[in-house]
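Below is one structure, written out as structure tokens, with a few remarks after it.
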2 protein chains.
Amino acid sequence: MSEPTELRDPPGASRRRKPAGKPKGRVTMTDIARAAGCSQATVSFVLNNSPGIRLSQQTRDRVIEAARALGYSPPVFSALRPPVTPFEGLDGVIGFAVDQLATSPEAVVAIEGARQASWNAGNVLLVAQTMGDAVMEPRAIQALTRRGISALIYMTIFTREIAAPDFLYSLDIPVILLNCYTADYAFPAVVPSEIAGGQSATRHLIAHGHRRIATITGEPWMQAAQDRLKGYRRALATADIPFDPELVVEGDWSASAGYAATVKLLGLKERPTAIFCQNDRTAIGCYEALKEAGLHIPQDISVVGYDDEEIARHLFPPLTTSILPHLAMGQWAIEQLETPPTPGRGRYPITKLECPLVERESVADVKG
Amino acid sequence: MSEPTELRDPPGASRRRKPAGKPKGRVTMTDIARAAGCSQATVSFVLNNSPGIRLSQQTRDRVIEAARALGYSPPVFSALRPPVTPFEGLDGVIGFAVDQLATSPEAVVAIEGARQASWNAGNVLLVAQTMGDAVMEPRAIQALTRRGISALIYMTIFTREIAAPDFLYSLDIPVILLNCYTADYAFPAVVPSEIAGGQSATRHLIAHGHRRIATITGEPWMQAAQDRLKGYRRALATADIPFDPELVVEGDWSASAGYAATVKLLGLKERPTAIFCQNDRTAIGCYEALKEAGLHIPQDISVVGYDDEEIARHLFPPLTTSILPHLAMGQWAIEQLETPPTPGRGRYPITKLECPLVERESVADVKG
DNA sequence: GCCTTTGACTAATGTATATTAGCAAGCGCA
DNA sequence: TGCGCTTGCTAATATACATTAGTCAAAGGC
């Protein structure tokens, strides 16, 4: 207490502490007060509607007016990240935007992967749905970004190339694409390796001695269908099995298409000994047609699916299928944030994650 | 201003200003610091996971321990008072907190219901997972509330009574409970009407002429299991069918328990003609046992399930089951927000929504 | 014309948290 | 031995909002 005056800097001196050119990151009550020509206290009273305080309606209106004009929002402490956040700890809140949540379980699985990976670091995931709607998508993402998230994961239900909405480019936080990618490789992106998946499913059949392997595709315009087919052809080529167009039947991911396609295949002069259904639903229809024809799986004919949907486990016999790596993709996305490889928005290669095959009981060695 | 020294109290003097015997209304970081034997700053670092700060794991653990023990919850900046909200402009964002997202589809369905209902009004739903963790739950909800959401929906995966965390009470936005409720009825809450569901499932069997109806329960300590059983007994009583304890077998929601229970039921001197499985998984095991015994569904014996899981449709024969009204519950929650009946936190009755029965092909008239 | 009251507001201060600077101990090393 | 570096933490301070205790001017009372 000998020199109390030493303790106090002249008022205003401290203001220069923040050297950054950015004077304000947020609108505060003080700003509103200045705009409305009153004190910060008055603003506090108005915005809190404090009981027992008497203020003229004019003043109240002026304050509200100003608050609205300046876009005041209550304090978000986590949003006060220093201008150049070195991304070590990556605290806080990570946004996860997805077009649909309910239509298929993959989104939930990816979210779960991201959550698990965030958990250790104590980060919270905030999920918003965009519904792929041009009006709502910006609002949904704004609901996240405006609130001070420290990174955004942007996921689509179907694997595809997207034209990223403009605002993704103008965000100043890391953006990771999950199950989609942009043509300009502007963001780190991760997708399942469908080609490798189709290849390993087919290779699995080949390893069991099959040489006459049919496949039932999905809707041909979908990336996943094309890639799975590509993998199928590649596996055939690798094993020196000639490609027979007769053995490729177009489906549409549905069980009924699987049924019809299988009937068609069974009508072939030289029947396949194995069928690679490019998703599990198709396999359901395939099973049905096979059973109707009096064929036994896998003794008479082997079947593999794709996607490892819940039902694959409950079919009879349980279906050998490929797991979509959405859990791993979610984790991968978070890991990208932990290692700070954001060297000025360069070009990122698209990461492809494997679709491991789960062997169950629908594949056997070829007869004969 | 003649006596500037008067302005500066010696540090600590100001502490005595608050004369009230109550030293603290809330747990602050300073309290935690004292308990953990460190400084308030350290607590701040730990709880915020501040980037670029290095602390020993021990210290972090001690702080988290203490925070948990003292029941710390971060300050809630209200910003927007209910009575006269100055800015409807602060775009409608509704928070949806759920303990688990991935473990079962119900949460996703409820979210979808809430989303659909919000959509028209142009509101955005932000979803956070709490994982039922004492440390993470406040953080997750904080991630929502701090960001100025205009309402919070709080959901649990299992239907149950909860002790709502303190901070739920101190929020000044509407809070709706979904699939759970508090003993003090402090919040509007909605749950499935499991009793009515169990009753209507059983009644359905009675309507088909069955009188000897068995049931396989879930884990007995779970609310849902108790209520479904209660509904079963009620339906029996209403139809003047005596209750036979022999026909009630305890399961645990799993297929294998369903299998074992069915085997036990088939060993009875007087076999049941119908089995009410209290969830679909149980029914899977039940189907299995029945088929092994050479019985045909529904000709020889009828089966109903509960939950309408995806698989119910794909069983053979497709399973008659009750739909959990999570979609409707999500919608209901949003509707409560639209009609603003929040007259000073009164007592709200628990709303129960029906579980409608979907008839498929696993029930037939009793033979003879 | 001098108090008193009241309405409308502010200065000053309090509270809780975030952040910066720096201290002290330990370690590798020249 | 002593220099520089890292690690792990605290003291001090800044920031943002809430609240208390007023100030000040106008409107009465006497």
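Throughout, protein chains are lettered first and strands after them, A, B, ... in sequence-line order, and every chain is numbered starting at 1.
Within the model, atoms CD1 of B/I334 and CG of B/L125 stand 5.5 Å from one another, a figure rounded to the nearest 0.5 Å. We find the CD1-OG distance between A/I153 and A/S118 to be 6.5 Å, quoted to the nearest 0.5 Å.
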CA sep, side-chain torsions, deciding dist, call: B/Y181, B/V190, side-chain contact (heavy atoms from CB on, under 4.5 Å): CA-CA 8 Å; B/Y181 53 91; B/V190 61; over 6 Å; no
Give the C-alpha distance, both sets of side-chain angles, the deciding distance and a yes or no for side-chain hydrogen bond (donor to acceptor under 3.5 Å, both in side chains) between A/Q331 and A/E335. CA-CA 6 Å; A/Q331 291 169 342; A/E335 282 158 19; over 6 Å; no
Show, in sequence, the C-alpha distance, side-chain angles and deciding distance for A/M131 and B/R115, and conclude whether the side-chain contact (heavy atoms from CB on, under 4.5 Å) test is met. CA-CA 10 Å; A/M131 303 309 288; B/R115 189 202 54 76; 3.3 Å; yes
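For A/Q40 against D/dA18, a side-chain N or O and a base N or O form a donor-acceptor pair under 3.5 Å.
Note on the helix from C/dG1-D/dC30 to C/dA30-D/dT1: terminal axis deviation equals 40°, with five pairs used at each end and the result rounded to 10°.
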Pairs under 3.5 Å (N/O, protein and nucleotides 6-9 of chain C):
residue	atom	partner	partner atom	Å
C/dC9	OP1	A/S56	OG	3.3
C/dC9	OP1	A/T59	OG1	2.3
C/dC9	OP2	A/S56	N	2.7
C/dC9	OP2	A/S56	OG	3.1
C/dC9	OP2	A/T59	OG1	3.0

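A/E65 CD: 12 or fewer foreign heavy atoms inside a 6.0 Å radius.
Counting heavy atoms from C-beta outward, B/P188 and B/W332 have side chains that approach closer than 4.5 Å. Between B/T182 and B/F187, some side-chain heavy-atom pair lies under the 4.5 Å cut-off.
Proximity note for A/A41 (side chain, C-beta onward) versus C/dA12, D/dC17, C/dT17: the nearest is C/dA12. Checking C/dA16, D/dA18, C/dT19 against every side-chain atom of A/M29, the shortest atom distance belongs to D/dA18.
For A/R34 and C/dT10, the CZ to C1' distance is 16 Å, given to the nearest whole Å.
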